[in-house]
Amino acid sequence: MDQSHESVQTRVLSILSGRSEEDPFAAFAEARAKGPVLPIPHPMGSEDHNAWMVTRMDEAVQVLKDKKGFTVDPASIEAEGVRENLSVTEDSSSPDTFFTGKSMLFVDGFDHRRLRTLVSKAFTPKYMESLRPRVQEISDELLDKVESNGEMDLVKDYAYPLPINVISEMLGVPEADREKLQMWSSAIAKGLGWGRQDPEVAEHLNQFGEYTKQLVDSKRESPADDLISSLVTIEEEEDRLSESELISMITLLIFAGHETTSNLIATGTMELLDHPEELEKVKEDPGLVPSAVEELLRFNGPSTSVGPRYATQDTEIAGQQIAKGDMILIIVKAANRDEEKFTEAEDLEIERSIDRHLAFGQGLHMCLGAPLARVEGDVAFSNLFRRMPNLQLKYSRGEVEWNYALSSQGLDSLPVTF
Ligand code: HEM
C-alpha cells in the first residue's frame with residue numbers, strides 16, 4: 001500500500017488496530033523523529049477533547065508517574081464529556097470482567113490502592129522466586145512431551161501452556177478448564193484493536209465472566225489453598241471487596257497473567273533465533289538469561305501501548321499544551337527504542353545495561369506480575385535452549401506471521417525443529 005500520503009500517526013494507529021502490514025518499528029522511529037507528543041484523532045470522536053500520542057521515554061514517564069495530573073479513569077474527571085471510555089458494550093445482566101467491570105487497571109486513587117493491596121502480597125519477588133522450582137517442572141513436562149518428535153509448535157506446545165498453567169495453579173483454576181480460558185483470552189486480545197472491537201469479543205468476555213463467577217461459587221463451597229479462595233474469604237468476611245470487584249480481579253489476573261507472558265516467550269524466542277550471535281551468548285552462559293529477558297522486553301516486549309491516560313488538569317508535555325480531559329496514548333514500543341536513552345537502540349544486545357524500560361509500564365499501575373513474568377521468562381528460555389540447543393525455525397523467516405492488536409503483539413504459531 002502507498003503510505004506516503006498518510007501521516008505517521010495514522011500509520012501507527014493502523015498498526016495498533018491490527019490491520020497494518022507495515023514494519024511497526026520503522027513507523028515508531030518515524031513517529032519519534034516527528035516529535036514526542038503528536039496529535040491523533042480522538043478514538044471516540046470527541047469534539048470536546050483532543051487525543052495525543054506519546055513516542056519518547058521522558059514524556060511517557062512524565063505522564064505515567066504523575067498520579068495527580070493523569071488518570072486511567074476518565075469518569076473521575078469532573079468535566080463535561082469526559083465520560084467516554086474504551087469499554088465494550090455493557091450488559092448489566094452479565095458478570096463483570098477486568099475489561100467491563102471495576103478492575104485495578106481502570107481505577108485510580110483509593111479504589112486502586114485498595115484493590116491492588118489485596119493481592120500484592122501474593123506477587124512479591126520473594127514469593128515469586130519460591131515458585132521457580134514448580135515453573136521449572138512445568139517447563140520440563142512440556143518439553144518432555146515433544147522431545148522425541150524432533151519438532152513442535154513453540155506457541156501451542158510451550159509459550160502458551162507454560163504461563164497459563166503457572167497462573168492457574170497459583171489461583172486454583174482446575175486443569176480441565178485452562179484450555180478454555182486460554183481460548184477466551186486469546187480471542188479477546190486479538191479481537192480488540194485501536195478503534196476496533198470484533199463482534200465476538202463481548203460474547204467471550206461474557207463467557208469468561210460467567211465461568212469465573214461459577215469458579216468463585218465452587219471455591220466458596222470448598223475452599224482450597226489458593227489465591228481465589230483467599231480472595232473469596234476477604235470478600236465474605238472483611239467487606240473490602242465486592243463480588244463484582246472479585247470477579248473483575250480474577251479475570252484480570254488470569255488474562256494478564258498469561259497472555260503477555262506467552263508473547264514474551266514466543267516473540268523472545270523468535271528474536272533470539274533472528275540474532276544468532278546473541279543467542280550463542282545465552283547458550284554459552286545461561287547466567288545471561290535474566291539480562292536477555294530485560295533486553296527482549298525492551299526490544300520487542302509484549303505490550304505495544306499501555307491503557308490510555310486522561311489529563312485531570314490543563315498541563316504541558318514537551319511544550320505541547322494539553323487540556324483537562326485530553327487522552328494520552330503512550331506507545332511503549334516506540335519509547336523503548338528512544339535513541340536519546342539507549343545507544344544503538346534498534347539493536348538487540350542481551351548484555352546491555354538498562355536503567356529503565358517501559359515493557360511493564362511505570363508508576364502506580366506498573367505491572368503487578370512483573371516478578372512472576374521475569375521468573376517465567378528466565379526458566380522458559382534457559383530450559384528451552386539448554387535442552388534443545390539446535391532449535392531452529394521449521395519454515396522460512398518470511399512465513400512467520402505477526403499478529404498486532406490494541407495492546408500487544410504476538411505470534412499465532414511458530415513451528416520449530418530441534
Ligand atoms: C511479560 C509479561 C507481562 C507484561 C509485558 C506485562 C505488562 C503490563 C503492563 C504494561 C501493565 C501496565 C498497564 C497500564 O499501565 O495501563 C501491566 C499491568 C498489570 N499486570 Fe502485567 N504484564 C506481564 C505479566 C503479568 C503477569 C504474569 C501478571 C500476573 C497476574 C500480570 C498482572 C498485571 C496486573 C494485575 C496489572 C494491573 C496493575 C495495576 O493496574 O495496578 N502481568 N502489565
Side-chain angles (χ1 to χ4, degrees), residues 54 60-61 63-67 70-73 85-86 98-99 102-109 111-120 122-125 127-128 131 135 159 162-171 173 181 185 189 227-228 231 245 248-268 293-310 327-333 335-336 356-381 406-410:
V54 169
V61 171
V63 173
L64 293 173
K65 288 205 146 180
D66 183 355
K67 57 184 182 194
F70 297 92
T71 177
V72 292
D73 178 11
N85 198 353
L86 272 178
F98 68 97
F99 204 72
K102 196 170 154 195
S103 70
M104 73 180 96
L105 207 46
F106 300 123
V107 293
D108 271 317
D111 280 343
H112 177 258
R113 259 193 318 278
R114 176 174 58 88
L115 293 172
R116 187 161 168 137
T117 309
L118 288 174
V119 279
S120 50
F123 286 91
T124 58
Y127 178 65
M128 289 306 136
L131 296 181
V135 178
L162 177 60
I164 186 77
N165 281 311
V166 173
I167 193 72
S168 295
E169 285 190 10
M170 210 178 145
L171 289 167
V173 174
L181 290 171
S185 304
L227 189 52
I228 298 183
L231 290 169
E245 288 171 337
S248 301
M249 168 104 77
I250 295 168
T251 56
L252 172 64
L253 294 175
I254 295 173
F255 179 85
H258 81 278
E259 190 57 39
T260 41
T261 315
S262 305
N263 286 341
L264 167 66
I265 299 170
T267 308
V293 167
E294 293 312 310
E295 173 65 347
L296 290 166
L297 285 162
R298 178 199 74 84
F299 185 74
N300 193 359
S303 304
T304 313
S305 61
V306 292
R309 291 337 198 233
Y310 300 83
M327 176 195 271
I328 314 287
L329 176 67
I330 293 170
I331 312 294
V332 164
K333 289 203 191 199
N336 275 346
R356 169 191 277 147
H357 64 63
L358 296 185
F360 291 124
Q362 196 71 206
L364 287 179
H365 290 271
M366 188 164 174
C367 181
L368 179 74
L372 177 57
R374 289 186 161 117
V375 169
E376 290 183 87
D378 186 7
V379 171
F381 294 121
L406 180 57
S407 62
S408 70
Q409 173 201 22

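Heads up: numbering here begins at 1 and tracks the sequence. Note that ligands are numbered from 1 as they come in the structure, with each ligand's atoms numbered from 1 the same way.
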Relative to [atom], which among [options] owns the nearest non-hydrogen atom?
atom: atom 6 (C) of ligand 1; options: Phe360, Phe123, Phe255; result: Phe360
atom: atom 15 (O) of ligand 1; options: Met366, Gln362, Arg309; result: Arg309
atom: atom 34 (C) of ligand 1; options: Ile254, Leu297, Leu368, Thr260; result: Leu368
atom: atom 10 (C) of ligand 1; options: Ala359, Pro302, Cys367; result: Ala359
atom: atom 27 (C) of ligand 1; options: Gly257, Pro308, Gly301; result: Gly257

Contact atoms of ligand 1, heavy-atom distance to [X] under 4.0 Å:
X: Leu105; value: 13 (C), 37 (C), 40 (O)
X: Ser303; value: 5 (C), 7 (C), 10 (C)
X: His112; value: 39 (C), 40 (O), 41 (O)
X: Ile167; value: 30 (C)
X: Thr261; value: 2 (C), 24 (C), 27 (C)
X: Leu364; value: 41 (O)
X: Gly361; value: 10 (C)

How long is the gap from [atom1] on [X] to [atom2] on [Y], to the nearest 0.5 Å?
X: Glu259; Y: Leu181; atom1: CD; atom2: CG; answer: 11.5 Å
X: Ser305; Y: Lys333; atom1: OG; atom2: NZ; answer: 10.0 Å
X: Met128; Y: Arg374; atom1: CE; atom2: CZ; answer: 12.5 Å
X: Thr304; Y: Asn336; atom1: OG1; atom2: CG; answer: 10.5 Å
X: Phe70; Y: Asp108; atom1: CZ; atom2: CG; answer: 12.0 Å
X: Cys367; Y: Leu358; atom1: SG; atom2: CG; answer: 13.0 Å

Is a side-chain donor or acceptor of Thr71 paired with a backbone partner of Tyr310 at a separation under 3.5 angstrom?
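Side chain of Thr71 to backbone of Tyr310: no pair is present.
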
Backbone N or O of Arg114 within a donor-acceptor pair of the Arg116 side chain at under 3.5 Å?
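The answer is no, because no donor-acceptor pair under 3.5 Å joins these two groups.
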
Polar contact flag for Gly307 and ligand 1 (N/O pairs, less than 3.5 Å):
yes

So, is Arg116 polar-close to ligand 1, with some N/O to N/O distance under 3.5 Å?
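Yes, Arg116 has an N/O under 3.5 Å of an N/O on ligand 1.
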
Could you find the nearest protein heavy atom to [atom] and give me its residue, atom name and distance?
atom: atom 40 (O) of ligand 1; answer: His365 ND1, 2.7 Å
atom: atom 32 (C) of ligand 1; answer: Ala256 CB, 3.6 Å
atom: atom 28 (C) of ligand 1; answer: Gly369 CA, 3.4 Å

Side chain to side chain contact (heavy atoms under 4.5 Å, CB included) between Phe123 and Leu227, worked out:
CA-CA 11 Å; Phe123 286 91; Leu227 189 52; 4.2 Å; yes

Should the pair Phe360 and His357 be assigned to parallel (<30°), tilted (30 to 60°) or perpendicular (>60°) ring geometry?
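Because their plane-to-plane angle lies in the 30° to 60° range, the rings of Phe360 and His357 count as tilted.
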
Which residue is it: Ile265, Thr260, Thr261, Val332? I am looking for the one with a side-chain contact (heavy atoms from CB on, under 4.5 Å) to Pro302.
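By the side-chain contact (heavy atoms from CB on, under 4.5 Å) criterion, Pro302 pairs with just one of Ile265, Thr260, Thr261, Val332: Thr260.
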
Check Leu252 against ligand 1 and report side chain, backbone, both or neither, counting heavy atoms closer than 4.0 Å.
side chain

